[in-house]
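In the text below, chain A, chain B and the rest are named by the order of the sequence lines, each starting its count at 1.
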Amino acid sequence: MSVNDDLSALFATFAALLQIKGESVFKAIAFQKVSRLLGETSVDLRKAAAEGSLAEMEGIGDSSRKIIEDYLANGKSADFDSVAASVPAGLLPMLEIPGLGPKTIALLWKERNIQSAEELSKAIDAGKLDGVKGIGEKKIDQIKQGIALRAASKGRMGIVQALAVAEELLARVRKLPGVEKAEIAGSLRRRRETIGDVDLIAALKDENGGEAVAKHFTQFPQVERVLGQGKTKASILTTSGLQVDLRLVPMAHLGAALQYFTGSKEHNVRLRSLANDQGMTLNEWGLYRVSDYDKSEKKTGEAPAVKPVASKNEAEIYSALGLQTPDPLLREDRGEITAAADGKLPKLIELADIRGDLHSHTVASDGSDTILAMAEAARDRGYQFLAITDHSKSQVIANGLDAKRLLAHVKEIHKIGAQIKGITLLAGCEVDILSDGQMDFENEILAELDIVIASPHVALRQDQEKATQRLLRAIENPYVNVIGHPTGRLIHQREGLPLDFGPIFKAAAESGTAMEINAAYPRLDLNDVHARAAIAAGVKLSINTDAHSTGGLGAMIFGIEVARRAWAGSVDVINCLGVSELKSLVRRKRPR
DNA sequence: GCCGTTTTCGGCCCGACTGTTTTCAGTCG
């Protein structure tokens, strides 16, 4: 964990503590914002504090600045510690129980001295919650279910798995008789790397047909448990442990619902605030003039009885607010609304811009297909080139190639490349970056290759200083063209190297070394935030699948989506170059 | 706690749903 991550976590916990203590919700929200800001920024907080530029970051005021400075100087925050000491630590995880919020947690603590989820379960079973004011039989039941639900749902699911579940359900929803149109919304539509729950939106053929559609939905074979069901919404837990909410709206309001439920929450808050500035109000039904809206009759679950400024599709809503429509993947309140207002949203990279994959494996190391099979599969995808990059000798477990085998492999790749039509094969290697930054092969060997990917595979628990120096040394090697999966992280499994990206991106930009977005789940490494910082530093990206079979080449789309979330255009990605441009890129870095 | 091209004080996004209540509080997304 970097110091940025540590501080981000500290502010998130601080916000939760304030909520439970019942302090101003705005104070808690302010700290939540600081937490998000620190988690996503590429600014090195240690440097920013030293230069006195902390206060320049929007959202960080005097109090937050002092907490950060205190933490940097002393390894802890006195403000935080004194608040933390006044609230039992066991209360914080209770916030994860659905249906249980800070007010109820505080109430149970004060009235019944309940200090953890375990104590809460016991108290419910022993009937000790009877007689607490504001907590009735149903509420107790709801809490009980919430505890069971938290145990049943497995937390956040990886995007690849969640997408598969969601698309299967979406196909079924689209076939239901009452449904005109249906789409995925929520964080899955934004393609976040992990998904808490899935939001589906369905437009009804008949406004009153919601109940029937909801009923069908709850009877799908994927349903493990029904969490709720009405005429505008149904909620289920799937057999795979994923919560899926289906929203049912009239066709005329589909755009507004899609916008609203795609979010993110922060994007929507900023957008609605912008609407207010312009005398309008935005909600899940549409964009309305405040003067009209205030006069309208509003019934719960029905569209307001007044003509909206916009509601049919997302584009007309953004347009009415004077904005370009940001791609769903950009809607994270990371500057997209300001850019949209200035007409400066980037032209994002697309799958069709990709001309080849620069990182793949064959049976020579730990892949399962031959050079020829991989080449044909790449050609079938319309690629102009494919780099074969099997592992180097240190990767014994992956049957890594020693120098002799590698040189024979290079010959073989070139031989097959000369025979096959319609695609250029590049003979490369995924060379291990050893723990001190040395390459797993001598430069004389690397010089025989068309392209070199250098990746960290071992010693992934190094401290920031060591890990950063290690990658810097690799970047400075004239034969290294791409740093593969730079952090080595595995989502949900491994943190990866705690790199200081500032100097790394600077060195990569100056030397003409690309940084990889490894498209294979659970790598997705670099992630969206770091990839965006890389682009800002002038670094070129390389999006690769790290395919270990012909099927693995299909993961490219997930790398593209990370790149889009990083605001990347095709000019930022070397996989969009032609073969000769690519070769001259490699040549430029090498000694003459 | 943070912010300001109407503000250095007074706001801070919005609606649905649920439960415990007779008019509202809490939770959620």
Notebook entry, point to check: Would one find a side-chain N or O of A/Asn276 under 4.0 angstrom from OP1 or OP2 of B/dC12?
Noted result: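 No, A/Asn276 has no side-chain N/O under 4.0 Å of OP1/OP2 on B/dC12.
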
Note to self: Please determine whether a side-chain nitrogen or oxygen atom of A/Ser63 lies at a distance below 4.0 Å from atom OP1 or OP2 of B/dC2.
What the structure shows: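 The answer is yes; a side-chain N or O of A/Ser63 sits under 4.0 Å from OP1 or OP2.
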
Where the side chain of [X] is concerned, which of [options] is the nearest nucleotide?
{"X": "A/Ser64", "options": "B/dT27, B/dA16, B/dG1", "result": "B/dG1"}
{"X": "A/Lys27", "options": "B/dG1, B/dA16, B/dC3", "result": "B/dG1"}
{"X": "A/Thr281", "options": "B/dT27, B/dC14, B/dG29", "result": "B/dC14"}
{"X": "A/Gln142", "options": "B/dC14, B/dG19, B/dG1", "result": "B/dG19"}
{"X": "A/Thr232", "options": "B/dG29, B/dG19, B/dA16", "result": "B/dA16"}
{"X": "A/Asp199", "options": "B/dC2, B/dG29, B/dT21", "result": "B/dG29"}
{"X": "A/Glu284", "options": "B/dG15, B/dG1, B/dG29", "result": "B/dG15"}
{"X": "A/Thr104", "options": "B/dT27, B/dG1, B/dC14", "result": "B/dT27"}

Figure out the [atom1]/[atom2] separation between [X] and [N], and round it to whole Å.
{"X": "A/Leu38", "N": "B/dC2", "atom1": "CG", "atom2": "C1'", "answer": "14 Å"}
{"X": "A/Phe261", "N": "B/dC28", "atom1": "CZ", "atom2": "P", "answer": "16 Å"}
{"X": "A/Tyr260", "N": "B/dA16", "atom1": "OH", "atom2": "P", "answer": "9 Å"}
{"X": "A/Asn283", "N": "B/dC17", "atom1": "CG", "atom2": "P", "answer": "13 Å"}

Sugar-phosphate only, base, or nothing, as touched by [X] at under 4.0 Å among non-hydrogen atoms:
{"X": "A/Leu271", "value": "nothing"}
{"X": "A/Leu37", "value": "nothing"}
{"X": "A/Ile29", "value": "nothing"}

Note to self: Syn or anti for B/dT7, given that syn means the glycosidic angle lies within 90° of 0?
What the structure shows: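 Judged by the O4'-C1' to base torsion, B/dT7 sits in syn, the angle falling within 90° of 0.
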
Check: Are A/Glu51 and A/Lys47 close enough for a salt bridge, meaning some N to O gap below 4.0 Å?
Finding: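 Salt bridge flag = no for A/Lys47 with A/Glu51.
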
Notebook entry, point to check: Are the charged groups of A/Arg523 and A/Glu193 less than 4.0 angstrom apart, N to O?
Noted result: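 No, A/Arg523 and A/Glu193 are not salt-bridged.
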
Margin query: Could you tell me if A/Tyr521 and A/Gln161 have a donor-acceptor pair between their side chains, going purely by distance under 3.5 Å?
Written below: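 A/Gln161 vs A/Tyr521: no donor-acceptor pair found between side chains.
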
Note to self: Is it true that, when you exclude A/Lys231 itself, more than 12 heavy atoms of the residues, nucleotides or ligands shown sit nearer than 6.0 Å to its NZ?
What the structure shows: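 No - once you tally the heavy atoms of other residues, nucleotides and ligands closer than 6.0 Å, there are 12 at most.
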
Check: So, A/Phe26 and B/dC2: ring centres less than 5.5 Å apart, planes less than 30° off, yes or no?
Finding: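 A/Phe26 vs B/dC2: stacking no.
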
Next item on the list: Both distances under 3.5 Å, Watson-Crick or G-U wobble: report the partner of B/dT8, or none.
Entry: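 Matched B/dT8 with nothing under the 3.5 Å cut-off.
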
Next item on the list: Measure up the A/Tyr293 and A/Tyr288 rings against each other and bin them: parallel (under 30°), tilted (30 to 60°), perpendicular (over 60°).
Entry: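 Tilted: the ring planes of A/Tyr293 and A/Tyr288 meet at 30° to 60°.
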
Next item on the list: On the 0 to 90° scale, with breaks at 30° and 60°, tag the A/His267-A/Tyr318 ring pair as parallel, tilted or perpendicular.
Entry: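 Ring orientation, 0 to 90° scale: tilted.
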
Margin query: I want to confirm an ordering. Mapping A/Leu100 and A/Leu18 to their closest nucleotides on DNA chain B, which one lands closer to the 5' end?
Written below: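 The residue mapped nearer the 5' terminus is A/Leu18.
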
